[in-house]
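Structure record follows, encoded as structure tokens.
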Number of protein chains: 2
Amino acid sequence: MKLTRKEEIVIVAAKLFKEKGYSAVSMRDIAQQMDIKAASLYNHIKGKQEILSSLVLHVAEKFTNSTQSITSQDGTALQRLKKLIEVHIDITVHHADAIAALNNDWMHLDGQDLLDFIAMRDQYEENFRSIIKQGIQTQQIKAKEPEVILFSILSTLRTLYLWNEKRGKLEVNVLKKELVSVLISGIV
Amino acid sequence: MKLTRKEEIVIVAAKLFKEKGYSAVSMRDIAQQMDIKAASLYNHIKGKQEILSSLVLHVAEKFTNSTQSITSQDGTALQRLKKLIEVHIDITVHHADAIAALNNDWMHLDGQDLLDFIAMRDQYEENFRSIIKQGIQTQQIKAKEPEVILFSILSTLRTLYLWNEKRGKLEVNVLKKELVSVLISGIV
DNA sequence: TTACAAAACTAACGATTGTTAGTTACAATA
DNA sequence: TATTGTAACTAACAATCGTTAGTTTTGTAA
């Protein structure tokens with residue numbers, strides 16, 4: 001599948017954003033990386049903000065949709081949690097750079113884009129939380145502080161994009177199996 | 001204990017860096033937050049870079065020293081790991097803003113400061129890794145991929161600064177106990 | 001070959017950046 | 001009271017920022 005010029009720009013920008021953050025990357029940096037001048041970028045995009053919002057909102061939708069779908073299907077809390085972890089890993093592996101922006105640069109979105117992002121983020125978190133609470137209720141999950149469990153798993157998944165480069169030869173399915181085991185059963 | 005003017009600046013800057021990142025915060029932003037003009041900052045600091053390096057290197061040393069100390073004391077791998085988690089929580093609770101900069105803005109350090117930081121970070125990680133490997137060898141820890149375990153625990157601890165605000169009424173000692181339990185024993 | 005659209009270019013804009021120079025206000029000390 | 005050091009100020013600098021206007025090159029279809 002052939003990429004539009006705009007998509008190319010977004011991909012290149014994402015890589016730069018990941019290295020130095022949105023604010024530290026100039027339009028001239030992005031242009032240089034594409035071997036064109038900064039002004040030429042504006043033939044394809046409205047501005048710097050559009051690059052960020054394309055990047056962040058697109059992958060945020062993926063997360064929201066997949067959790068929504070898991071929550072609506074049936075299954076025990078643990079089955080759902082496992083599925084959630086696996087889906088998160090899949091998205092991370094395929095959109096590592098975009099996730100960096102989602103994690104670190106979402107606050108530089110403006111206007112409606114920012115509101116939309118926060119809404120999706122909250123919904124995602126709420127879905128996650130409800131699965132954990134369901135697990136505690138059915139006693140599949142130890143009755144610990146649900147917020148501690150939520151935070152612990154979520155922060156591991158959110159930071160996976162950083163670690164995925166060093167993943168090296170570890171195959172995706174092995175990673176899934178190991179991470180599910182560590183996050184759910186612990187290490188002892 | 002009375003703070004020097006420089007320390008006040010660093011503290012105020014840290015709070016702003018946490019919100020928007022180092023690059024998106026201007027000297028004028030920092031000055032405004034202190035009710036002075038930007039030029040006045042330079043009576044106390046050499047420049048923006050010095051604010052960042054004071055912030056990051058200071059807390060990085062804390063981490064390095066504490067892991068070093070734990071590694072040199074005796075104890076089983078699990079005892080050490082538990083201690084490591086607890087110390088990490090203590091430092092996070094007391095230096096949340098600085099840790100934000102350490103996590104997100106370290107790449108904007110320059111020259112020797114950057115090299116020093118990377119050295120400390122690598123050493124910290126290596127100490128952590130050796131404890132986990134020791135645990136696997138003595139069979140206190142399940143023989144999973146050590147890198148997966150390392151990553152999982154470390155990313156939870158590193159993101160704790162974000163979550164600590166929402167910690168709310170959860171007392172520090174409760175947090176320690178819960179988090180140690182979740183990270184080591186899992187949730188089932 | 002001509003016509004048209006896509007995508008590059010040059011040049012420049014106003015705003016903001018980190019920082020410097022030189023000066024002034026104020027409090028403590030001699 | 002005179003002196004001195006601290007910490008503020010105003011004004012401005014060169015560089016860089018995102019962006020716009022207008023023009024030229026390039027590739028494709030008629």
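Just so it is clear, the values below take in all heavy atoms, side chains as well, and ignore hydrogens, waters and symmetry mates. Numbered from 1 within each chain, the chains take letters A, B, ... in sequence-line order.
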Exercise: identify the closest heavy-atom pair between B:I89 and B:L160 | CG1-CD2, 3.7 Å
Over how many whole Å does the gap from A:D29 atom CG to D:dC17 atom C1' extend?
-> 11 Å
Reckon B:H44 has a side-chain N or O less than 4.0 Å from the OP1 or OP2 of D:dA8?
-> yes
Describe, in one word, how the ring planes of B:F117 and B:W106 are oriented to each other, choosing from parallel (under 30°), tilted (30 to 60°) and perpendicular (over 60°).
-> parallel
Integer-rounded Å distance: C:dG18 C1' and B:I45 CD1 = 10 Å
Rounded off to whole Å, could you give me the CZ-to-P distance for the A:R5 and D:dT26 pair?
-> 15 Å
B:I51 CD1 - C:dG18 C1' separation (whole Å) | 11 Å
Using atom CD1 of A:I9 as one end and atom P of D:dG18 as the other, report the distance to the nearest whole Å.
-> 14 Å
Do the charged groups of B:R158 and B:E125 touch, with an N to O distance under 4.0 Å?
-> yes
Output the distance between atom OG1 (A:T156) and atom NE2 (A:H88), rounded to the nearest 0.5 Å.
-> 10.0 Å
Return no unless some side-chain N or O of B:S26 is found under 4.0 Å from OP1 or OP2 of C:dT16.
-> no
Which residues, if any, of residues 31-42 of chain A bring a heavy atom under 4.0 Å of DNA chain C?
-> A:I36, A:K37, A:A39, A:S40
With a 4.0 Å cut-off on heavy atoms, is B:R28 in touch with a base, just the backbone sugar-phosphate, or nothing at all?
-> base
Using atom OH of A:Y22 as one end and atom P of D:dC17 as the other, report the distance to the nearest whole Å.
-> 13 Å
side-chain contact (heavy atoms from CB on, under 4.5 Å) partner of B:I187, chosen from A:L81, A:L183, A:I132, A:I136 = A:L81
Round to the nearest Å and state the distance from A:N43 atom CG to D:dG22 atom P.
-> 15 Å
Basic-acidic side-chain contact under 4.0 Å: B:K18, B:E165 | yes
Could you verify whether a donor N or O on one side chain and an acceptor N or O on the other, from A:S181 and B:K144, lie under 3.5 Å apart?
-> yes
What integer distance in Å separates A:M27:CE from C:dA8:P?
-> 13 Å
